[in-house]
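Report on the structure given below.
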Amino acid sequence: MKLKTPFETSFAKTVDRHCVLVEVEEEGGEIGWGEIPVDDNPYYHYETVETSLYIVKEFLAPKLLEVDFSKPADFLNAVSKVRGYMMAKAGLEMALWDLLAKIKNKPLYALLGGVKTKIVSGVSIGIIGNMNSLLKSVSKFLDEGYRRIKIKIKHGWDIEPVKMIRKVFGDIPLHVDANAAYTLENVDIFQELDKYHLLMVEQPLHYEDLAEHAELQLKIKTPICLDESIKGIYDAKAAIKLGSCRIINIKPARVGGIEESMAIHDYALKHGIPVWIGGMLETGIGRGFQVALATLPNIKYPNDISASNRYYEEDIVEPPWTLNNDGTITVPQKPGIGVEVLEEKIEKYSKRTLEIKVSSV
Ligand code: OSB
Ligand code: MG
């Protein structure tokens with residue numbers, strides 16, 4: 001799906017989004033949808049369209065029969081022999097959750113114990129190398145109601161844009177995301193950023209380096225929020241114990257789905273670490289799972305869950321996700337993810353389809 005505007009980060013520039021959608025069908029019964037928000041390249045995350053199709057077909061789908069459909073939470077356990085590939089796993093697991101919620105005729109968020117009927121939206125702005133265009137973009141999103149602005153930073157595009165945004169827009173909720181572009185040698189840049197009272201600095205250092213994040217956190221006042229480094233509950237535990245972060249961005253796809261997201265949410269709550277739900281430019285399908293998780297009690301910051309029209313000319317769900325004037329998204333009360341998946345739109349954008357039949361015979 002073509003993005004309305006290219007999305008540039010410190011690691012890549014995305015023009016079109018390629019991803020894998022998962023449809024699970026109970027024989028003759030309900031359908032559940034999931035999304036594997038991979039890309040063609042392994043630049044944000046090592047999984048790609050090709051690797052996820054392969055892993056799903058060869059190792060994950062064949063395990064579906066061993067899973068009790070009334071307990072999608074068991075899916076990760078059933079595929080625990082497969083190391084990694086959390087996004088591929090998440091796509092199947094989420095489809096099972098959507099299916100279960102539909103069978104039970106309940107909205108997904110209610111099944112998860114969510115407590116909110118509206119969730120708060122922020123917007124993530126890619127690297128726009130031109131200051132005027134950046135300021136225009138910030139102004140437009142604030143006018144639309146978004147409750148927090150996050151900008152992507154990289155070397156040569158970090159302090160200046162923050163300084164300008166503060167100058168023009170004052171004390172708005174603002175944070176930066178470095179996508180692992182810096183090292184501990186750049187501590188002065190983060191100390192300088194301390195002066196601008198950002199809500200957080202997201203993933204400043206290498207995605208494997210919890211130790212150096214802990215060291216950086218001791219040297220700066222702004223809370224560090226980890227994204228890429230948190231690949232599951234074990235990383236969350238280590239990061240919290242080491243003091244590598246004070247906030248966690250939970251991306252349901254990155255950590256292996258709903259169950260793992262909730263485990264991280266609960267562990268963080270117990271340890272006084274606030275969390276929020278991140279995204280990867282998901283289609284309206286993946287967005288449904290982000291919205292459901294964003295209703296949990298320990299979500300303490302605006303989420304990277306924007307309206308469909310922030311990303312795409314047209315979404316593949318009906319109704320598309322829309323932003324209320326107060327910068328929230330209303331949690332749908334219909335069964336499952338709560339939006340209808342438009343099969344004709346999916347056909348329009350699909351490059352190929354892979355059908356896997358799992359049977360006990
Ligand atoms: O680092 O949070 C990130 C998009 C793709 C990959 C990584 C990230 C992002 C975003 C966009 O920041 C979040 C969204 O609105 O979906
Ligand atoms: Mg991020």
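Counting convention: from 1, in listed order, for ligands and their atoms alike. Position 1 is the first residue of the sequence; numbering continues from there.
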Any non-hydrogen atom of Gln203 lying under 4.0 Å from ligand 1?
no
shortest atom 6 (C) of ligand 1-to-protein heavy-atom contact is with Met280 CG, 3.8 Å
Result for side chain to side chain donor-acceptor pair (under 3.5 Å) between Ser229 and one of His206, Glu208, Gln203 points to Gln203
Per side chain to side chain donor-acceptor pair (under 3.5 Å), Lys118 is matched among Asp326, Thr330, Asn324 by Asp326
The atoms of ligand 1 lying under 4.0 Å from a heavy atom of Lys152, numbered in the order shown, are 1 (O), 2 (O), 3 (C), 8 (C), 9 (C), 10 (C), 12 (O)
Ligand 1 to Asn179, heavy atom cutoff 4.0 Å, flagged ligand atoms 1 (O), 3 (C)
Flag the pair Arg148 and Glu202 as a salt bridge only when some basic side-chain nitrogen lies within less than 4.0 angstrom of an acidic carboxylate oxygen.
-> no
Which part of [X] is near ligand 1, with near meaning a heavy atom under 4.0 Å away: side chain, backbone, both or neither?
X      : result
Lys150 : side chain
Lys251 : side chain
Thr9   : neither
Thr14  : neither

- prompt: Mind checking whether the Mg ion (ligand 2) has an N, O or S of Asp304 under 2.8 Å?
  reply: no
Please check whether [X] reaches ligand 1 - meaning an N/O of the residue sits under 3.5 Å from an N/O of the ligand, judged on distance alone.
X      : result
Asp177 : yes
Tyr44  : no
Asp227 : yes
Leu281 : yes

Restricting Asp177 to its N/O/S atoms, the closest one to the Mg ion (ligand 2) is OD2
For Pro72, does its backbone N or O pair with a side-chain atom of Glu259 as donor and acceptor, under 3.5 Å? no
